[in-house]
Amino acid sequence: MAKLVLRDNKPTIPEDNMKSFIKDESKTRKIPTFYLDYQENEERFVEDKHVQTDFERIPDTKVYKEPEPRALSECLQIYQINLEASLLTDKEVIMLVMENYISPYRIEKAVDNADRGVRIRRSYLESLKDSSLPLAELPFEHYDYSKVMNACCENVIGYVPIPVGVVGPLSLDERVVYVPMATTEGCLVASVNRGCRALFKSGITTRVVADGMTRGPVVRFPSIKEASEAMKWVEDANNFDLIKEQFDSTSRFARLSKIFIRIAARYLFIRFIATTGDAMGMNMVSKATELSLKMIQVHFPNMDILSISGNFCADKKVAAINWVEGRGKSVVCEAIVPGETVSSVLKTTVQSLVECNFAKNMVGSSVAGSMGGFNAHAANVVTAIFIATGQDPAQNVTSSNCITIMEPHGTYGEDLYISCSMPSLEVGTIGGGTILPAQGACLDILGVKGASPSKPGENSSQLARIVCATVLAGELSLMSALTVGHVVKSHLRYNRSSTAICNDLVNSLKVPF
Ligand SMILES: CC(C)(COP(=O)([O-])OP(=O)([O-])OC[C@H]1O[C@@H](n2cnc3c(N)ncnc32)[C@H](O)[C@@H]1OP(=O)([O-])[O-])[C@@H](O)C(=O)NCCC(=O)NCCSC(=O)C[C@@](C)(O)CC(=O)[O-]
Ligand SMILES: NC(=O)C1=CN([C@@H]2O[C@H](COP(=O)(O)OP(=O)(O)OC[C@H]3O[C@@H](n4cnc5c(N)ncnc54)[C@H](OP(=O)(O)O)[C@@H]3O)[C@@H](O)[C@H]2O)C=CC1
């Protein structure tokens with residue numbers, strides 16, 4: 001076995017021995033790539049057919065007992081030859097992680113297998129001496145982590161299953177959809193479902209009235225003189241075309257439509273607004289903005305680019321600019337609910353709804369100093385659909401901007417006119433978490449998965465319309481329940497786990513059980 005030498009205080013194989021070691025193949029035990037496959041509650045290694053293994057097979061099972069790890073020096077030699085650890089056993093990989101030869105967040109890469117990497121990371125974290133993590137209840141099997149790598153999450157140790165309910169049929173724009181909602185708030189799905197029921201006959205009309213994902217970097221100049229000159233230059237139509245050429249060159253789909261600048265002394269906040277096909281577009285617009293800024297900097301060498309995001313975008317933060325100017329898709333929807341339905345399905349009256357909506361969603365929100373929160377619970381519906389369909393959940397902040405308006409309708413005001421206006425829905429049907437199988441399945445349920453075959457942007461616009469219409473259904477039902485005092489009762493019924501109540505009861509009775 002080649003003798004190791006110390007380099008940076010770590011045992012390594014001397015270069016000239018490397019070749020002899022590689023030749024001496026017999027020295028390295030062939031390790032089958034294992035897939036952990038739980039069947040009948042029993043851990044079962046499914047043997048890689050093409051590779052002999054000297055793993056000890058437990059009699060009468062297909063389970064292999066992993067042999068004890070080889071010496072660190074031997075494992076290191078094997079690892080360092082290929083700079084990958086697929087020929088090492090799990091325990092041997094963990095040993096290299098423990099000895100800092102493999103970073104815990106690079107295990108998948110080291111063993112060249114995403115699923116195996118997650119399994120080893122969990123074993124490593126569970127084996128930490130003083131701070132082992134209790135991961136047994138966090139599921140990790142039956143998940144294709146290769147789709148997560150370099151796209152959705154790092155340092156993965158499993159996933160958190162969230163219940164997905166479905167509401168519908170939701171009738172909008174002369175078609176019907178069923179809408180998946182991922183939530184742990186009992187009663188929410190029942191409520192939105194009731195709204196869909198009440199709206200089914202009349203149907204909901206929706207429209208996308210604007211579309212533009214934004215990135216608003218902050219740049220700084222030596223003086224307001226230079227800052228104002230630059231502002232003027234960028235706002236010049238001819239120079240806009242030059243910037244657009246750069247911006248659009250970075251993507252097949254991102255297209256710059258507008259630039260909106262604000263100045264604060266020697267700081268400029270430049271809001272790039274672009275359509276982004278069926279993607280929500282944050283990566284695309286950020287990439288395009290970066291190149292555009294470099295082009296502006298050629299003309300204004302004294303311009304410092306302080307941040308690609310100057311909070312003028314404004315991404316994932318409450319900001320009037322999104323509420324006033326919009327961000328992503330701006331959608332409006334409306335419906336007329338017959339008075340008879342208001343009483344039979346929603347158990348309330350048109351007058352009570354109109355009064356409560358005014359008092360709560362108009363006056364109440366104004367008194368609270370709300371910005372974009374002129375609604376009852378748009379965020380409930382937005383977030384539940386976002387999680388189900390692989391949107392960026394943090395963008396529920398802006399995407400939940402909504403004003404709900406209710407008015408009496410008909411000759412005697414016997415029916416209800418209800419509308420929701422949402423100026424900043426940040427949605428995509430391609431990119432980000434939408435690429436994951438379960439999230440893709442939910443987009444499929446909505447008929448909007450992936451890129452629109454006919455017109456880039458059609459699928460994401462349709463998703464925005466469905467979200468707005470579902471928000472309207474949720475507004476209608478919750479507002480109805482609020483007018484007749486059913487919210488608390490219904491949540492105690494649907495949103496307080498009976499097992500929890502039972503346990504509390506047993507504990508409070510302090511009866512030995
Ligand atoms: C719970 C209900 C719907 C009962 O409402 P109900 O009218 O007593 O129920 P129902 O049994 O008469 O059924 C009416 C319809 O509701 C639906 N429905 C009824 N039950 C179910 C169910 N289990 N699963 C699915 N759908 C259900 C279903 O469509 C049904 O029609 P059907 O099919 O029978 O002809 C009602 O009381 C309600 O909507 N409550 C409001 C609850 C709610 O909206 N919660 C979410 C928001 S709470 C919150 O987080 C926001 C807040 C309040 O903090 C925001 C703010 O500050 O305003
Ligand atoms: N970077 C940031 O600062 C932020 C990033 N995010 C994250 O960004 C991710 C979403 O970024 P986003 O840019 O939407 O997605 P992606 O980064 O995945 O970019 C979309 C990709 O899909 C390609 N594409 C193929 N067909 C289409 C089509 N029909 N329409 C649009 N694009 C298409 C695009 O092509 P092409 O290469 O030609 O453009 C592009 O490569 C989410 O994970 C979100 O969490 C969220 C907030 C901030």
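Both ligands and their constituent atoms are indexed starting at 1 by order of listing.
- Nearest protein heavy-atom neighbour of atom 28 (C) of ligand 1: Asn193 ND2, 4.1 Å.
- Among all non-hydrogen protein atoms, the one lying nearest atom 41 (C) of ligand 1 is Ala481 CB, 3.5 Å.
- Distance CG/Asn380 to CD/Glu475: 9.5 Å, rounded to 0.5 Å.
- An N or O contact shorter than 3.5 Å links Asn380 to ligand 1 by distance.
- The closest heavy-atom contact to atom 10 (P) of ligand 1, among the options Glu475, Lys489, Lys347, Arg194, comes from Lys347.
- Contact annotation: for His377 versus ligand 1, heavy atoms closer than 4.0 Å belong to the side chain alone.
- Within the 4.0 Å heavy-atom criterion, both parts of Ala190, backbone and side chain, lie near ligand 1.
- Near Ala376, the atoms of ligand 1 lying under 4.0 angstrom from a non-hydrogen atom of the residue are 55 (C), 56 (C), 58 (O).
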*Where do Thr404 and Asn361 land on the side-chain hydrogen bond (donor to acceptor under 3.5 Å, both in side chains) test, with the steps shown first?*
CA-CA 7 Å; Thr404 299; Asn361 291 338; 4.8 Å; no
### Task
Check step by step if side-chain hydrogen bond (donor to acceptor under 3.5 Å, both in side chains) holds for Ser307 and Ser309.
CA-CA 5 Å; Ser307 168; Ser309 167; 4.9 Å; no
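- Looking only at protein heavy atoms, the nearest one to atom 37 (O) of ligand 1 is Ser490 CB, 3.4 Å.
- No donor-acceptor pair under 3.5 Å is formed between the side chain of Asn495 and the backbone N or O of Glu185.
- Neither the backbone nor the side chain of Arg493 comes within contact range of ligand 1; no heavy atom lies under 4.0 Å.
- For atom 17 (C) of ligand 1, the nearest protein heavy atom is under 4.0 Å away.
- Within a 4.0 Å radius of atom 30 (C) of ligand 1, the protein contributes no non-hydrogen atoms.
- Using a cut-off of 4.0 Å between Lys/Arg side-chain N and Asp/Glu carboxylate O, Lys201 and Glu340 are scored as not salt-bridged.
- Near Cys187, with a cut-off below 4.0 Å to any heavy atom, the atoms of ligand 1 are 1 (C), 42 (C).
- Within the 3.5 Å criterion, the main-chain N or O of Glu141 finds a donor-acceptor partner in the side chain of Tyr159.
- Nearest protein heavy-atom neighbour of atom 57 (O) of ligand 1: Lys360 NZ, 3.5 Å.
- Within 4.0 Å of atom 2 (C) of ligand 1, not a single protein heavy atom is present.
- Considering only non-hydrogen atoms, atom 52 (C) of ligand 1 lies nearest to Leu478 out of Leu482, Asn495, Leu478.
- To the nearest 0.5 Å, the span separating CD1 on Ile405 from CD1 on Ile418 amounts to 10.0 Å.
- Scanning the protein heavy atoms around atom 48 (S) of ligand 1, the nearest turns out to be His491 NE2, 3.3 Å.
- Closest protein heavy atom to atom 34 (O) of ligand 1: Arg197 NE, 5.0 Å.
- Contacts between Ser191 and ligand 1, counted as non-hydrogen atom pairs separated by less than 4.0 Å, involve both the backbone and the side chain.
- When hydrogens are left out, the protein atom nearest atom 20 (N) of ligand 1 is Tyr494 OH, 3.3 Å; that is the closest non-hydrogen contact.
- Ligand-side atoms of ligand 1 in range of Val345: 7 (O), range being under 4.0 angstrom from any heavy atom.
- The salt bridge (charged side-chain N to carboxylate O under 4.0 Å, His left out) search around Lys294 returns none, not counting sequence neighbours.
- In this pair, Phe300 and Trp233 present their aromatic rings perpendicular. The plane angle is above 60°, beyond the 30 to 60° band.
- Summarising the geometry, atom CZ belonging to Phe386 is positioned 7.5 Å from atom CG belonging to Leu463; distances are rounded to the nearest 0.5 Å.
- For atom 54 (O) of ligand 1, no protein non-hydrogen atom is found at a distance below 4.0 Å.
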Between ligand 2 and the protein, give all atom pairs where both partners are nitrogen or oxygen and the distance is under 3.5 Å, as lines of names plus distance to 0.1 Å.
residue, atom, partner, partner atom, Å
ligand 2, 1 (N), Asn283, OD1, 2.7
ligand 2, 3 (O), Arg215, NH2, 2.6
ligand 2, 8 (O), Asn283, ND2, 3.2
ligand 2, 11 (O), Asn283, N, 3.3
ligand 2, 11 (O), Asn283, ND2, 3.4
ligand 2, 13 (O), Asn283, N, 3.1
ligand 2, 13 (O), Met284, N, 3.0
ligand 2, 14 (O), Met280, N, 3.3
ligand 2, 14 (O), Gly281, N, 2.6
ligand 2, 17 (O), Asn283, ND2, 2.9
ligand 2, 30 (N), Asp278, N, 2.9
ligand 2, 35 (O), Arg252, NH2, 3.0
ligand 2, 38 (O), Arg252, N, 2.8
ligand 2, 38 (O), Arg252, NE, 2.8
ligand 2, 39 (O), Ser251, OG, 2.6
ligand 2, 45 (O), Asp392, OD2, 2.8

Q) After noting the C-alpha distance and the side-chain angles of Ser191 and Ser477, does the key distance pass the side-chain hydrogen bond (donor to acceptor under 3.5 Å, both in side chains) rule? A) CA-CA 6 Å; Ser191 176; Ser477 183; 2.9 Å; yes
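- Minimum interatomic distance between Pro222 and Glu226 (heavy atoms only, all atoms of both residues): CG-OE2, 3.3 Å.
- Ligand 1 lies within reach of Glu185, whose nearest heavy atom is under 4.0 Å from it.
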